[in-house]
Amino acid sequence: MKSLHKFRVATGFAILALLLSCSSDDEAITGQGKLNLEFDQVFGGADLILRTQANALSNGEILKVDELKYIVSNIRLTKSDGTVFTYPKSASYFIVDESDVQTQLLTLDGVPAGDYVSVTFGIGVDQEQFNLGAAGQGNFLALAEAESMMWSWSAGYKFVLFEGTFTTPTQTDAQTFMVHTGRTGIAYNYTEVTLALPQAATVRKSVTPQIHIFADAKDILDGQNKVSLEANSMMGMGAMIMGGAILGDITSNVSQAFEVDHVHND
């Protein structure tokens, strides 16, 4: 009888511990928390250094990048159970600037607690948002203008701004290049990116995960579509790519330029 009593006591403690554990887990995945998206610019996998670093394309052109900016928008997070959290659209427009480290960490507030396995975001301002007119852009319009991420209101936003100088095997004097994507007369050139996470981002009240994303500037010109700056040069004025069908090729490249390096859950 004494053994049976000990068994019952031990079993009772085990059940109680299990219930407390389950209760603790349930409490841990309720409420809201925060999540950080860190955008880290690279070139061909190496850290991107502005103005001094020589960066080679597969066609032999050598670039020195002076500026790289792009608009990140329409962020959505997918949980392990398939449910999707859409970050509030009014707060979902950011400018990432390689020259300003403070812009490279996007903090999302009010994210429901859960285990997130993928992230989706846009590059550029979607047409639905643009169609709201200048008054419908909120504070982002002024920010875009201050950061030179607009041509004009009628022409629209610059989705990607990529500028610097380049040389080629036959042209050793440096020429300037300017690559700006955005709305043109023939296409809108907004694109979205979905990235699976190598491990779940576990948002909790007390845990703010950080998703570290690489953005490879090489892919803008040297991705699935190969774009030659020399072929787009204009009589010694450098290469200015800001319109035409070639922006569709560059937009396709941009959609493939991002990957998740790792996730911090602390």
Side-chain angles (χ1 to χ4, degrees), residues 18 20-48 68-98 100-126 128-129 140 143 159-160 190-220 223 253-266:
L18 180 60
L20 289 173
S21 174
C22 291
S23 175
S24 175
D25 288 345
D26 289 341
E27 290 173 1
I29 58 173
T30 60
Q32 297 179 337
K34 297 182 180 181
L35 183 142
N36 292 326
L37 299 178
E38 180 184 5
F39 286 87
D40 186 358
Q41 284 58 245
V42 299
F43 198 104
D47 188 32
L48 177 62
L68 175 59
K69 301 180 183 181
Y70 50 90
I71 295 173
V72 174
S73 61
N74 296 318
I75 299 168
R76 302 189 297 278
L77 302 166
T78 301
K79 288 184 179 180
S80 55
D81 64 3
T83 59
V84 177
F85 168 66
T86 299
Y87 198 63
K89 192 175 177 67
S90 61
S92 197
Y93 294 87
F94 306 87
I95 295 174
V96 175
D97 181 353
E98 170 59 12
D100 185 354
V101 67
Q102 293 185 356
T103 70
Q104 296 164 26
L105 187 67
L106 313 186
T107 297
L108 310 182
D109 297 306
V111 178
D115 298 338
Y116 292 92
V117 296
S118 73
V119 58
T120 298
F121 52 87
I123 298 297
V125 174
D126 55 290
E128 178 185 10
Q129 179 69 16
F140 186 72
L143 175 63
F159 299 164
V160 176
Y190 168 82
T191 190
E192 289 197 338
V193 178
T194 296
L195 302 174
L197 306 185
Q199 68 182 88
T202 56
V203 176
R204 303 291 189 268
K205 293 177 183 179
S206 59
V207 178
T208 299
Q210 185 156 308
I211 301 172
H212 192 138
I213 299 171
F214 282 164
D216 198 332
K218 182 180 180 182
D219 286 342
I220 296 172
N253 284 349
V254 168
S255 70
Q256 302 295 317
F258 298 86
E259 67 173 333
V260 175
D261 182 62
H262 61 270
V263 176
H264 288 294
N265 284 306
D266 50 27

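The residues of the chain are indexed from 1 along the displayed sequence. Hydrogens, waters and symmetry mates are skipped; everything else that's a heavy atom, side chains included, is used.
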Revision key, fill the gap. For Asp261, the salt bridge (charged side-chain N to carboxylate O under 4.0 Å, His left out) test, sequence neighbours excluded, returns none
**Study point:** Contact list for residues 75-91, test salt bridge (Lys or Arg N to Asp or Glu O under 4.0 Å), sequence neighbours left out
**Key:** Arg76-Glu192, Lys89-Asp126
Report yes or no: does [X] contribute a side-chain atom to a donor-acceptor pair with the main-chain N or O of [Y] at less than 3.5 Å?
X	Y	value
Asp216	Gly44	yes
Thr120	Thr194	no
Tyr87	Asp109	yes

Check your understanding: Does Val72 reach the side chain of Ile123, with side-chain heavy atoms less than 4.5 Å apart?
Key -> yes
Point to revise | Side-chain heavy atoms of Val96 within contact of Gln41, under 4.5 Å | key: yes
Review point. Is the His262 ring parallel, tilted or perpendicular to the His212 ring (thresholds 30°, 60°)?
Key: tilted
**Study point:** Set of residues satisfying ring pair (Phe, Tyr, Trp, His ring centres under 6.0 Å) with respect to Phe85, sequence neighbours excluded
**Key:** none
Review point. In a check of side chain to side chain contact (heavy atoms under 4.5 Å, CB included) between Thr78 and each of Leu197, Thr83, Val119, Val84, which one passes?
Key: Val84
Review point. Taking everything shown except Glu128 itself, do over 12 heavy atoms lie less than 6.0 Å from its CD?
Key: no
Point to revise | ring pair (Phe, Tyr, Trp, His ring centres under 6.0 Å) assessment of Phe121 paired with Phe94 | key: CA-CA 11 Å; Phe121 52 87; Phe94 306 87; over 10 Å; no
Return the minimal non-hydrogen interatomic distance between [X] and [Y], and the atom names on each side.
X	Y	value
Ser118	Ala196	CB-CA, 4.1 Å
Asp219	Asn253	O-CB, 2.9 Å
Val111	Leu77	CG1-CD1, 3.9 Å

